[in-house]
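Quick notes on the structure that follows.
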Amino acid sequence: MNRSIEQALLSLIPTHNAALPPQLTELASSLLAQSRHKASTLKAEEEIARPYACAHIACERLKTTLNLPPIEPRPPIPPRIYKRLYSHLDKILPSGTGTPGRGTPARGGLESRVRTPSTKLREQLAPLGTSPQASKSRPLPGRTTPSKEKSLADFRDSNADGTPSKKNLGTTPQSKRKPPPLPLWIRPTLRFLCKELGPASIGPIVASGIESIVCPNGKPTEDEWVKINLVSLLGALYLFVWRGVTFPGQDLDQSTYIKFRKQLVATLNRARKEVEVNVKDGDAEKAWELWYDVKLKDLDMSALVINRHGWLELDWAKGVQDFVHMNEERARDDEEDAEREERHAAPVQLRRADTMFQERYDFLTDRKRKAYAEWKEGIMKRIKAQG
């Protein structure tokens, strides 16, 4: 079990005298691992409280099922920041499938009803090494399910960050399934685009979009157009996410848009020469399979195809809205903090023309004190001379 998760759970339910319920610890670890995928970009102060917030969410979701004692949250960060983090994670982390004890009871109440994972859930389960096919046939853990040991084996042998350990990878059938195959150059090229063009925070959203199109439902696409237009597809997706994150709800200036498109195409074409792709057999040409130099018209054609197929309506595109919403909340909080600091700052004295508080009436300035000292010295000399 993740040590930080265990400490957080003990802090949240201090009056719980018995050992922590397995369902609670496994759900908390699962939520922590999924949060690293769904909310990969957090502020440093929020990252500190990530395990605590996931443990808190797990307690809230299972407090009735497990009859937990009163939850007493004591977050490791200021309450205002923690409240925002908790609300964000509770919104994006699944509360149905994959949450032990929260499914609709089946016959006898011994097992939870198995649901077919949605596209969004498949993405969330990907870092846990769980394939969509395996999750369909595996019953969800309940309070007295006989197969609980088997269904929770993925998480018991997990590492500290919630990812499956090597031991678990060698024993569970699900872990033998490889992640959706993508050309080796896609991820390094995406990192190159984020580094050169920015913002770097949109990388996970673009990666999620390209995976949803190239490997729908975890299987390689049969769409021949996608296979031979991967470079322009990556560029068009990057352009869409950049537009939504950088100028949310605004009309983008045409000259800015055209300029960025040209920069994007030029940067993509530089990637083949400047990006290094690691390959086991050292075959560089194989690593860049399906690559081609892209042109502006290729980018425009890919944008039309993306809209025609409705790929911007898939679940991955909601990540743009979630990211913008989170940034807006942070901006509002920062603005409130600035206003609060201004209210508590020392008042500034202003010298207005219609008041007596002006420099000519202020005899305590350094300049006037010095002038007074010189005047006094002169007067004293004159007095002594006359005496």
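Quick note: residue numbers are just sequence positions, from 1.
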**Asked** Would E289 and L184 satisfy side-chain contact (heavy atoms from CB on, under 4.5 Å), going step by step from the backbone distance to the final call?
**Response** CA-CA 8 Å; E289 187 178 4; L184 296 177; over 6 Å; no
**Request:** Check step by step if salt bridge (Lys or Arg N to Asp or Glu O under 4.0 Å) holds for E377 and K381.
**Result:** CA-CA 6 Å; E377 183 180 1; K381 286 181 181 181; 3.8 Å; yes
**Item:** Stepwise side-chain contact (heavy atoms from CB on, under 4.5 Å) test for I210 and L233
**Value:** CA-CA 8 Å; I210 199 75; L233 180 62; 3.9 Å; yes
**L193 and V206: CA distance, side-chain angles, deciding distance, side-chain contact (heavy atoms from CB on, under 4.5 Å) verdict** = CA-CA 11 Å; L193 293 177; V206 181; over 6 Å; no
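Under the 4.5 Å side-chain heavy-atom criterion for Ile, Leu, Val, Met, Phe, Trp and Tyr, I228 and I186 are members of distinct hydrophobic clusters. With hydrophobic clusters built from ILVMFWY side chains whose heavy atoms lie under 4.5 angstrom apart, I258 does not share a cluster with M301. Residues L304 and Y257 do not share a hydrophobic cluster, defined by chaining ILVMFWY side chains whose heavy atoms lie under 4.5 Å apart.
Between F260 and W242, the angle of the ring planes stays under 30°, which puts this pair in the parallel group of the 30/60° scheme. In this structure, W291 and W185 have perpendicular ring planes: the angle between them is above 60°, well past the 30° mark. Relative orientation of the Y82 and Y86 rings is tilted, given thresholds of 30° and 60° on the angle between their planes.
D300 is listed as a side-chain neighbour of R261, based on a closest heavy-atom distance under 4.5 Å. Residues H309 and D223 have side chains in contact (heavy-atom distance under 4.5 Å, counting atoms from C-beta outward). Contact of the D315 side chain with the S212 side chain is not registered, since no non-hydrogen atoms from C-beta on lie closer than 4.5 Å. Residues V305 and W225 form a side-chain contact, since some pair of their non-hydrogen atoms from C-beta on lies under 4.5 Å apart. For the pair T189/W288, a side-chain contact is recorded, criterion being any heavy-atom separation below 4.5 Å from C-beta on. Using a 4.5 Å cut-off on side-chain heavy atoms (C-beta onward), M326 and I92 make no contact.
Here the side chain of R84 pairs no donor or acceptor atom with the backbone of H88 at under 3.5 angstrom. Side-chain N or O atoms of T65 include none that pairs as donor or acceptor with a backbone N or O of L62 at under 3.5 Å. Panel note: side chain S302, backbone D298; a donor-acceptor pair is recorded below 3.5 Å. In this structure, S87 contributes its side chain and K83 its backbone to a donor-acceptor pair below 3.5 Å. Side-chain atoms of H37 never come within 3.5 Å of backbone atoms of S40 as a donor-acceptor pair (strictly under, hydrogens ignored). Without hydrogens or angle criteria, S208 side chain to I205 main chain gives no donor-acceptor distance under 3.5 Å.
At most 12 heavy atoms of other shown residues, nucleotides or ligands fall within 6.0 angstrom of atom NZ in K259. Other residues, nucleotides and ligands contribute at most 12 non-hydrogen atoms within 6.0 Å of the NZ atom of K195.
Atom NZ of K91 sits about 5.5 Å away from atom CG of D322, to the nearest 0.5 Å. Taken to the nearest 0.5 Å, the NZ atom of K295 stands 10.0 Å off from the CG atom of N269. With values rounded to the nearest 0.5 angstrom, S232 atom OG is found 12.0 Å from L239 atom CG.
Across R187 and A207, no two heavy atoms sit closer than the pair NH1-CB, 4.0 Å. The minimum heavy-atom distance linking F192 with E274 is given by the pair CZ-OE1, 3.5 Å. Residues K227 and L290 approach most closely at O-CD1, 3.5 Å, considering heavy atoms. Taking both residues in full, the closest heavy atoms of G198 and I202 are given as O-CD1, 4.5 Å, listed atom of the first, atom of the second, then distance. Of all heavy-atom pairs spanning A55 and A28, the tightest one is CA-CB, 4.1 Å. Scanning both residues, P21 and L66, for their nearest heavy atoms gives CB-CD1, 3.9 Å.
A donor atom on one side chain and an acceptor atom on the other are not found under 3.5 Å apart for T267 and Q263.
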